[in-house]
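Below you'll find the structure, written out as structure tokens, and then a few comments.
Heads up: numbering here begins at 1 and tracks the sequence.
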Amino acid sequence: MLLLAAVLLVAWIGVRLWPSGGDDPRPAATPTAPRTTATPSGEKDGETTVSLTSSTTRCDPQDVRIVPSVRSGQRAGAPVQVDLAVSTTTTKPCTLTLTAKDVLAVVESGKTAVWDSSVCRSPVLADPVALSPGWSTVATTRWSGRGSGPGCSPKEGYASPGRYTLRVGTIGGEPGETTFRLGQRAPKPKPTKSSPSPKPSASGSSRPTPTPSASGR
């Protein structure tokens, strides 16, 4: 009986392990890596449009990093355009809405502060910015190019040509900075001399009036 049971067990195992007669066996399922929340939504002219997950949840300013950059070729005596790369360190999307108390921006020349956002009490980013983890959102703002002075008067003078450092950061967050140079002020256009008006010539278009002859009297 034991021998018969052993023979039946061996036969059953052989049937279970013997491959089926199909020519196209199904491969075993393998785990795939999770996709990121940002996926390409279309391409045009070699550029890829990326769709990011957004949320109306307000970002905590302490979890936000701002990296500024100033485009080259800008001059003193005029507003200065500034690009801000804003990102979040959290794992969930959120919307950044800043007030003047949430962020600090300072423009310095050497160790001297030229412009301070806390003096002007104006938000560096006036519009909300949607943020997605792992991505930076570039927002454009501008500095007036003037000093802040004691009260941020619009009559403060413009910064002189030279090298400056811009530091931007949220309260409690990691600040970012950039160094830039302002060129010489653009020269004022010279007034053009107006051409003198032409003087009337003797040969006008009017015809002279004939005088009566003596024979006509």
- Query: How far apart are the closest heavy atoms of Pro68 and Thr178, and which atoms are they?
  - Reply: O-CB, 3.4 Å
- How about Val129 and Thr95: do any of their side-chain heavy atoms sit closer than 4.5 Å? no
- Flag yes if Phe180 and Val114 sit in one hydrophobic cluster, no otherwise; membership is Ile, Leu, Val, Met, Phe, Trp, Tyr, and two members link when side-chain heavy atoms are under 4.5 Å apart. yes
- Task: Using the side chain to side chain contact (heavy atoms under 4.5 Å, CB included) rule, pick out the option among Val124, Val138, Thr137, Val103 that qualifies with Leu84.
- Result: Val124
- Message: With rounding to the nearest 0.5 angstrom, report the CG to OG1 distance, Asp127 to Thr140.
- Response: 11.0 Å
- Message: For the residue pair Asp102 / Thr170, report whether a side-chain donor-acceptor contact shorter than 3.5 Å exists.
- Response: no
- Task: Check the pair Tyr158 / Arg185 against side-chain contact (heavy atoms from CB on, under 4.5 Å), numbers first and verdict last.
- Result: CA-CA 10 Å; Tyr158 283 102; Arg185 298 185 181 186; 3.6 Å; yes
- Item | Nearest-0.5 Å distance that lies between atom NZ in Lys101 and atom OG1 in Thr99 | 7.0 Å
- Under 3.5 Å donor-acceptor, Gln74 side chain and Gln81 backbone: yes
- Task: Find out whether Cys120 and Ser148 are in side-chain contact, i.e. whether some heavy atom of one side chain is under 4.5 Å from a heavy atom of the other.
- Result: yes
- Val82/Ser69 under side-chain contact (heavy atoms from CB on, under 4.5 Å): CA gap, chis, key distance, verdict: CA-CA 6 Å; Val82 179; Ser69 61; over 6 Å; no
- Message: Quick check: do Pro128 and Leu96 have side-chain heavy atoms less than 4.5 Å from each other?
- Response: no
- Task: Please lay out, stage by stage, how Arg163 and Thr179 fare under the test side-chain contact (heavy atoms from CB on, under 4.5 Å).
- Result: CA-CA 7 Å; Arg163 189 180 184 88; Thr179 302; 3.3 Å; yes
- Nearest heavy-atom contact between Tyr164 and Ala159 is OH-CB, 3.4 Å
- Evaluate side-chain contact (heavy atoms from CB on, under 4.5 Å) for Ser87 paired with Val64, printing each intermediate quantity in order. CA-CA 6 Å; Ser87 60; Val64 172; over 6 Å; no
- Note on the structure: Looking only at heavy atoms, the pair that brings Leu131 and Cys59 closest together is CD1-SG, 4.0 Å
- OG of Ser117 to CH2 of Trp143: how many Å apart, nearest 0.5 Å? 12.5 Å
- Query: Can we say Arg146 and Glu156 salt-bridge, meaning some charged N sits less than 4.0 Å from an Asp/Glu carboxylate O?
  - Reply: no
- Task: Working to the nearest 0.5 Å, report the span between CD of Glu174 and CD1 of Ile66.
- Result: 11.5 Å
- Hey, does Val107 have a side-chain heavy atom less than 4.5 Å from the side chain of Thr165? no
- Looking only at non-hydrogen atoms, find the nearest pair between Pro61 and Arg58 and report the distance. CD-NH1, 4.1 Å
- Are Arg71 and Asp83 side-chain neighbours, meaning at least one heavy-atom pair lies under 4.5 Å? yes
- Exercise: identify the closest heavy-atom pair between Ala105 and Trp115: O-CZ3, 3.7 Å
- Query: Is a donor on one side and an acceptor on the other found under 3.5 Å between the side chain of Arg75 and the backbone of Gln184?
  - Reply: yes
- Which heavy atom in Ala76 sits nearest to a heavy atom in Pro161, and how many Å separate them? CB-N, 3.8 Å
- Quick one: which of Leu166, Val119, Asp116 gives a side chain to side chain contact (heavy atoms under 4.5 Å, CB included) with Val106? Asp116
